[in-house]
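Accompanying notes for the structure given below.
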Amino acid sequence: MRKPFLYLAERALLVLISVVVLFPIAWMFLTAFKQPRDAYSLSLNFEPTLQNFVTVFSDPWNLGSMVLNSVVVATVTVVIAVPCAALAAYSFSRFRVKGRKFLFFLILSTQFIPAVVIVLPFFLMFRQLDLLDTRIALIIVNLAIVTPFVIWMIKGFIDAIPTDSEEAAMIDGASRLRVIKDIVMPMAAPGILTSSIFCFILTWNEFLFALILSRRDAVTLPVGLVSFRTERGDLWELMSAAGVMITVPIFIMALFIQKHFTRGMTAGAVK
Amino acid sequence: MAEVRLVDIEKKYGSFLAVPKQSLTIHDGEFLVLLGPSGCGKTTTMRMIAGLEDITSGDIMIREERINDKPPKDRDIAMVFQNYGLYPHMTVRQNIEYPLKLRGIAKAARTKRVQETADKVELGALLDRRPSELSGGQRQRVALARAIVRTPSIFLMDEPLSNLDAKLRVTMRAELKHLHHELGVTTVYVTHDQMEAMTLATRVAVMREGRIVQLDTPKKIYAEPADLFVAGFIGSPSMNLIDGKVSDGVFRADGVNVPVDLPNRDGVVLGIRPEELEITDDATAPIGGQLYALELTGESTLVTLRNGPVSACARGHADFEAEINSPCYLTPKPGARFHLFDRASGERLDGVKH
């Protein structure tokens, strides 16, 4: 039997942590529905309004085009990065090529470089190519950021798949590519889905490069948020409304991840 | 149907020699078992035939066609893996159907073949389950069905029964034997279980450290092991191997005196199988010592005697009883034969008197 005091202390700690974590999120959600004058008040007694959402989607904020930019950039990045990364991950996992470990380390090491250091060369490069303030530029940059990470993640999932089934398929008459398509990818599917969602979230929330490389046409949601800091002060109620727009899709995806992540863990192979 | 010839094949992993240069011919329709302890190169040899492993040098011929550079899919082989190698995301039906699908066989023909094959291995009722919902024996049957569904010219089986429990292993062994009889397909079978090798094989290749040390029928391998290693590996309980020397035409060790036709020398090993010895009260019997242990196996009793460093086991009558440490004598049954080996090289020596 556990000591009741310990039990209570444990619960209290959990509640405290939850409050610290959840308070800013709750505050954002509440503020999104408040009038400007209530924004700084902690009182729950206010008159809810949807006006903030209407405002952020109309001139001069035009959140709609930012939502579109974010969706396009994140989706295209995922659609290109994940298949490429899956093939690369398979190769790293299965082929015993000389220098394989070094190459893998090299790819991962790109993740250690602070983004601030390389943002300027990227800026100059895209200016030269006349790609500043375009979605293409953001997609290219995001691909460079997420692909190594996704390769590393998917490789972990493919490593866990025993080679027996693959060899069986090759003997059954499948080519290497067919094996990847018919056997490896379905078996790694939960992992690949999880990686895709992580990839989407990373791109969705990417701030620094989007800030530097976009001006007007290609502005994404996280950058758009900054525009609510005006000379009139911080428009918290509008920023919150936009924040909700950023958070909700990710929140829904997090629910997905949970479901598939546990499935990814339990599906496994047949012994 | 096909003959498989391995010509001077060799396999190296870096500087490690896994399979030294050797040749082997597997006859058309034969059930050849590669037998040996783990790490002896038997699985590597099979994987080279399958095309899952490159050959360092030499040639592999199937039906007189050199297939070294062909991918596994073009070798017309089927393989059953130790861990079954099933596709966990497909149903039993899809698993069995997959090789047919890859070969572009029409849907209607596929369905028919899958059903026939499944019935043959008694899986007919389980076609819509997934491998994870099956028992070990059933999974093994799916692997088997997937191998036989497209009637390849060669079957490769890599320890297919080693993950099953003892009882199921015996049943499946009989099924495999029957299946081979029915289909008559050339089969190469890898195992470390000498009982499986003896019961299934047309011929057995006993391997040690990558080398085939004896290739012969199970009967011949049992009756005339080529060297000390084969003698000790085949048979359960294994052959009694007694260290001693020859002087004046008699093999001598503690309590052991067997007349042989060899000049005087040291470092000789005498071998005789437990089932070829019987217990006697005759103190002049060739092997004598104190009773060390009695083990009832059901149909017989294993009687072990010791005399100094010498230990010998005989398969006696199930009713045999005696006091431990009492004197005990063993004599060869009529028609039984002794084997002689050189201790240092392990080679078989001629000179047994009958």
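These figures come from a predicted structure and were not determined experimentally. Proteins come first, then strands; the chains are lettered A, B, ... in the order of their sequence lines, and each starts at number 1. Just so it is clear, the values below take in all heavy atoms, side chains as well, and ignore hydrogens, waters and symmetry mates.
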_Distance to the ring centre below 6.0 angstrom and angle to the axis at most 45 degrees; does that hold for B:Lys11 and B:Tyr13?_
yes
*asked:* How long is the straight-line distance from CD1 of B:Ile77 back to OG1 of B:Thr187, given to the nearest 0.5 Å?
replied: 12.5 Å
_Please report the interatomic distance CG(B:Asp158) to NZ(B:Lys42), rounded to the nearest 0.5 Å._
8.0 Å
_Among A:Arg176, A:Glu167, A:Met170, residue most engaged with chain B (heavy-atom pairs, under 4.5 Å)_ = A:Glu167
*Checking heavy atoms, do the side chain of A:Thr163, its backbone, both or neither come under 4.5 Å from chain B?*
neither
*chain A contacts, top residue of B:Leu156, B:Leu100, B:Leu102 (heavy-atom pairs, under 4.5 Å)*: B:Leu102
*Among B:Lys101, B:Arg150, B:His89, who wins on heavy-atom pairs under 4.5 Å with chain A?*
B:His89
*Measuring heavy-atom distances to chain A, does B:Arg47 have an atom under 4.5 Å in its side chain, in its backbone, in both, or in neither?*
side chain
*Could you pull out the closest heavy-atom pair between A:Pro249 and A:Val244, with the gap in Å?*
CD-O, 4.5 Å
*Salt bridge flag under 4.0 Å for residues B:Lys120 and B:Glu116*: no
*For B:Arg130, is it the side chain, the backbone, both, or neither that has a heavy atom closer than 4.5 Å to a heavy atom of chain A?*
neither
